[in-house]
*Asks:* 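Pasting in a structure now, in structure tokens, and then I'll have a few things to ask.
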Amino acid sequence: MRGALVSFEEKLTRDEFRFGLTVGPVVGGKATYQIDRSLDVFYPAKQAAESIRATASVTVSSRNSIVRALQSALEKSYEHAVMKLDIEAFFESIPHSALLERLSRFSNLDSVSMGLTRQLLVEFEAVTGVKSGLPRGVGMSSHLAELYMTDFDSILKTHPGVLFYARYVDDVVIVTDSAQALSQVKDSVLRTLTGLQLKPNTTKTYNVVADGKGDYPTGTVVEYLGYTFARIDGKLRTGLTDRRKARRVRRLELALEAWLASAPNAVWPNHGHNGMLLDRIRYLAGNTRLLNSKSNVAIGLYFSNSALDDGGAELVELDQFLEAFMVQHASKMPARMRERMGEISFVNMFTSRPFLRFSQKRVEQIVSVWDGVS
């Protein structure tokens with residue numbers, strides 16, 4: 001590590017430091033970028049990212065904490081209005097000159113981090129040919145984007161009539177105390193975005209106005225961070241977006257298809273495929289902890305969808321899907337397997353939140369069938 005830092009300092013002194021920025025894979029339809037992974041590049045970039053985060057006092061809330069807070073804001077039966085806003089081409093639109101000007105306002109930002117930011121923007125311009133945008137996939141970019149939006153966040157959080165405000169990267173949700181307040185907030189949003197040389201994605205931006213009891217018009221939902229929120233008969237209903245539901249159903253389908261491809265038979269041995277199917281379904285319906293994770297991160301049905309209502313329609317549908325499959329292919333399953341399959345319930349396991357124990361090798365085998373399904 002010390003050798004890497006010495007190398008970095010020497011390159012910096014001679015004005016020879018380069019990130020080695022190159023184009024990476026396309027992820028979710030967006031171009032990503034990569035920097036040289038050598039320690040004398042990667043470590044200074046990481047330190048600069050942390051310095052930028054600390055300088056602007058940027059704290060990014062987790063998706064789960066934001067959704068939970070939004071649920072709390074929507075649970076009460078009162079008149080309110082909701083604005084869902086998506087910022088168009090967020091990372092690609094941030095102008096370099098405006099970003100650097102904003103950075104210069106922070107007198108406590110060290111000169112090395114400022115210089116590294118300038119170098120990153122120079123290399124990005126050389127790769128793309130434009131003087132705007134931040135390279136997705138590079139750690140510094142996320143912190144620079146958050147710093148750029150600090151004034152926007154501050155203005156909206158403290159705007160008169162705003163009951164709740166959250167932004168997760170380019171995805172914004174605002175709850176106001178009335179439709180009138182919402183109209184004023186919309187004007188402020190557009191004005192502030194224009195000042196930042198950004199604009200809303202009109203196809204993903206919409207408003208919902210609740211009645212005096214807090215209910216939304218029939219069939220109206222607010223979508224945010226993979227969840228849907230609807231208020232009916234004075235009660236908040238939280239579900240999953242179609243896209244999020246489809247991913248989970250597709251994983252179940254792939255697990256079942258892999259088992260069918262093994263030519264299962266209720267009489268003859270299936271060389272471990274029966275056990276693998278059971279483990280895959282348990283993995284989908286239960287929870288596990290990531291091994292070698294410093295923060296002891298938990299993943300699984302509940303921990304990936306913790307804001308979902310208990311007994312939600314999405315869980316019922318998964319149980320029905322699994323039950324229909326068992327009925328259709330019961331003749332291919334030994335009696336003990338049918339019994340064990342029947343004990344698995346997405347509804348019940350979401351509520352009871354069981355933790356399953358799998359070796360790292362077993363987890364790799366389980367998830368291998370879902371390659372390419374995010």
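When a residue number appears, it is its place in the shown sequence, counting from 1.
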*Asks:* Check side chain to side chain donor-acceptor pair (under 3.5 Å) between Thr194 and all other residues, then give those that pass, not counting sequence neighbours.
*Replies:* none

*Asks:* Any side chain to side chain donor-acceptor pair (under 3.5 Å) pairs touching residues 206-223, not counting sequence neighbours?
*Replies:* His80-Tyr216

*Asks:* Please list, chain by chain and in numerical order, all residues satisfying side chain to side chain donor-acceptor pair (under 3.5 Å) with Lys186, sequence neighbours excluded.
*Replies:* none

*Asks:* With Tyr227, which residues qualify under side chain to side chain donor-acceptor pair (under 3.5 Å), at least two apart?
*Replies:* none

*Asks:* Under 3.5 Å, which donor-acceptor pairs do the side chains of residues 29-37 form with other protein atoms, sequence neighbours left out?
*Replies:*
| residue | atom | partner | partner atom | Å |
| --- | --- | --- | --- | --- |
| Thr32 | OG1 | Pro25 | O | 2.4 |
| Asp36 | OD1 | Ser38 | N | 2.8 |
| Asp36 | OD1 | Ser38 | OG | 2.9 |

*Asks:* Does anything in residues 150-202 form a ring pair (Phe, Tyr, Trp, His ring centres under 6.0 Å)? List the pairs, not counting sequence neighbours.
*Replies:* none

*Asks:* Just jot down the side chain to side chain contact (heavy atoms under 4.5 Å, CB included) partners of Arg191, sequence neighbours excluded, or say none.
*Replies:* Asp187, Ser188

*Asks:* Does Asp309 have any side chain to side chain contact (heavy atoms under 4.5 Å, CB included) partners at least two apart in sequence or in another chain, and if so, which?
*Replies:* Arg237, Thr238

*Asks:* Among side-chain atoms of Thr150 and Asp153, is any donor-acceptor pair under 3.5 angstrom?
*Replies:* no

*Asks:* Which salt bridge (charged side-chain N to carboxylate O under 4.0 Å, His left out) pairs, counting each pair once, include a residue from residues 169-185, with sequence neighbours left out?
*Replies:* Lys84-Asp171

*Asks:* Name every donor-acceptor pair, under 3.5 Å, that has one atom in a side chain of residues 94-103 and the other anywhere in the protein, sequence neighbours excluded.
*Replies:*
| residue | atom | partner | partner atom | Å |
| --- | --- | --- | --- | --- |
| His96 | NE2 | Gly133 | O | 2.7 |
| Glu101 | OE1 | Arg105 | NH2 | 3.2 |
| Glu101 | OE2 | Arg105 | NE | 3.3 |
| Arg102 | NH1 | Asp151 | OD2 | 2.7 |

*Asks:* Could you list the residues that satisfy side chain to side chain contact (heavy atoms under 4.5 Å, CB included) with Lys46, not counting sequence neighbours?
*Replies:* none

*Asks:* Just jot down the side chain to side chain donor-acceptor pair (under 3.5 Å) partners of Asn305, sequence neighbours excluded, or say none.
*Replies:* Arg244

